[in-house]
Protein chains: 2
Amino acid sequence: MNIFKGIKEDEIKHLLDCTNAVTKSFKKNEIIIHQGQKINSIGYIIKGCVKISRTNFDGSEITVAYAQKDETFAETFALANKQSIVYVTAKEDSCISFINVNKIISTCPKNCTFHKKILENLLRTISSKNLVLQEKIEILSQKTLKDKILLLLQKYKQETNKEIFKLPFSREEIATYLGVNRTALSRELSKLKSEGIIDFEKNLFKIK
Amino acid sequence: MNIFKGIKEDEIKHLLDCTNAVTKSFKKNEIIIHQGQKINSIGYIIKGCVKISRTNFDGSEITVAYAQKDETFAETFALANKQSIVYVTAKEDSCISFINVNKIISTCPKNCTFHKKILENLLRTISSKNLVLQEKIEILSQKTLKDKILLLLQKYKQETNKEIFKLPFSREEIATYLGVNRTALSRELSKLKSEGIIDFEKNLFKIK
DNA sequence: AAATATCTGTTGCACAGGCAACGAATTAAA
DNA sequence: TTTAATTCGTTGCCTGTGCAACAGATATTT
């Protein structure tokens, strides 16, 4: 699901026109949205991959999510016309279209027939983000690190639907996502491996 | 914000009609939505208060959120036409209208002018739920129980905008929400009190 | 190739917090 | 009022995990 699903190429172009969408390029590690920045446009990833995170009050970083090509971000703040509580950085060289959300919601002056479709897509997009957040909450709610790891792996296994699946994150990133210490993660992974519960080699994992 | 915001009483009635909404009553502690139940309607709370939670794979309970009068729940599952991964129970005697979400999205056959308004409201509702979930993630991402408690209290203080504010939850409920052990919560609360960082009496709290 | 930086795993130590057992206080039921 | 049930706080014990320090592996730069 993405906001342009079911909409033809030329209609997408038309839409980007009639909403005065602005497209920008960002280098790897460049900040796309700053924490505290007032937002009125959603970001649509034309090319690349971004990280959505926030600074904890103790200064540490909390990873909220990752988003890739064809996905959107900052919908929530754009809809509320609020300041962003997260910052968004380019994980690799990326290209982003910023689409004014009010122009999506309001009736198109040119009376585009696909406006309604976009609105419905936006609804479904935000809705599915909700599910993603709930999954993260489920993982974070696990009492032990062992359970957090296993749940995360299970979800990835389901997603990829493969016996051996790849986690596209560094150990540090996984630890941050789980909200735990990196070395504790390494220790627990090794333990799970020695217990024969999982197996892994670099970023390839397997649950037995 | 709720899905009927800005819509007149008689139009709401009209809408409930033209979407064939069904209204049901539930006793305290009665289950409104079961885990695994196929959902195609959103729940709109006419009266009462509900708890949204889920069963962890170890059998323990994870509280997702609470919802009150005029608020909605299960939008996410209804939109995806999916099975619910949460169950919803009445915290007190409640009255719920179930509104078929497809009838909200599709153009109204009677051509209601407020249909568009509802759709926009629904969008904003789901969007703001997103924020609520993110706040919970922020709390759960705190490394220590102390930080979790303080962040929770700060958020409630902000919400109520009062020096002394009430947490409408039992200790057990707070602990479940934070994903920690109840006695550990009590211990930490007492410690924070003795350190002079907070003060509390039953459910009334104060941050110094 | 050599030098440097980044990533990952290992281990010792300390302590936060889970769990069990208990008692006191409060509320509900008989 | 008495009894039972629920809620809340306290404490001892023990395990899980954060942290620091380090080493080896891998990737990047010069």
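Chain A is the first sequence line, chain B the second, and so forth, proteins listed ahead of strands; every chain is numbered from 1. Computed from a predicted structure; not experimentally measured. Values below: all heavy atoms of this structure, side chains included; hydrogens, waters and symmetry mates excluded.
- Summarising the local packing, NZ of A/Lys193 is surrounded by more than 12 heavy atoms from other residues, nucleotides or ligands at distances under 6.0 Å.
- Atoms CD (B/Glu172) and P (C/dC19) sit 12 Å apart, rounded to a whole Å.
- Annotation for B/Gly196 and B/Lys208: closest pair O-CD, 3.4 Å, computed over non-hydrogen atoms.
- When distances are taken from the side chain of A/Arg182 to each of C/dG17, C/dG9, D/dT17, the shortest belongs to C/dG9.
- Nearest-nucleotide mapping onto DNA chain D: of B/Lys143 and B/Glu173, the residue sitting toward the 5' end is B/Glu173.
- When distances run from any side-chain atom of B/Lys202 to the nucleotides C/dG18, C/dT26, C/dT8, the shortest one goes to C/dT26.
- Of the candidate nucleotides D/dG9, C/dG18, D/dC19, D/dC19 has the atom nearest to the side chain of A/Asn181.
- In this structure, A/Phe169 reaches neither bases nor backbone, as no heavy-atom distance under 4.0 Å exists between it and the strands shown.
- The pair A/Glu159-A/Lys155 does not meet the salt-bridge criterion, since no charged nitrogen lies less than 4.0 angstrom from a carboxylate oxygen.
- Residue-environment remark: CD (A/Gln68) stays at or below the threshold of 12 foreign heavy atoms within 6.0 Å.
- Comparing the end axes of the helix from C/dA1-D/dT30 to C/dA30-D/dT1, each fitted to five base pairs by superposing C1' atoms of four pairs onto the next four, gives an inter-axis angle of 50° (nearest 10 degrees).
- In terms of phosphate contacts, B/Thr183 brings no side-chain nitrogen or oxygen within less than 4.0 Å of OP1 or OP2 of D/dG9.
- Taking the side chain of B/Ser186 as heavy atoms from C-beta on, and the options D/dC8, C/dC19, C/dT10, the nearest nucleotide is D/dC8.
- Applying the 4.0 Å criterion to OP1 and OP2 of D/dG9, one finds that B/Arg171 has a side-chain N or O inside that range.
- In the set C/dG18, C/dT10, D/dT17, D/dT17 carries the atom at the smallest distance from any side-chain atom of A/Glu188.
- In this structure, of C/dG17, C/dG9, D/dG9, it is D/dG9 that holds the atom nearest to the side chain of B/Phe200.
- A donor-acceptor pair shorter than 3.5 Å cannot be found between the side chains of B/Thr125 and B/Glu75.
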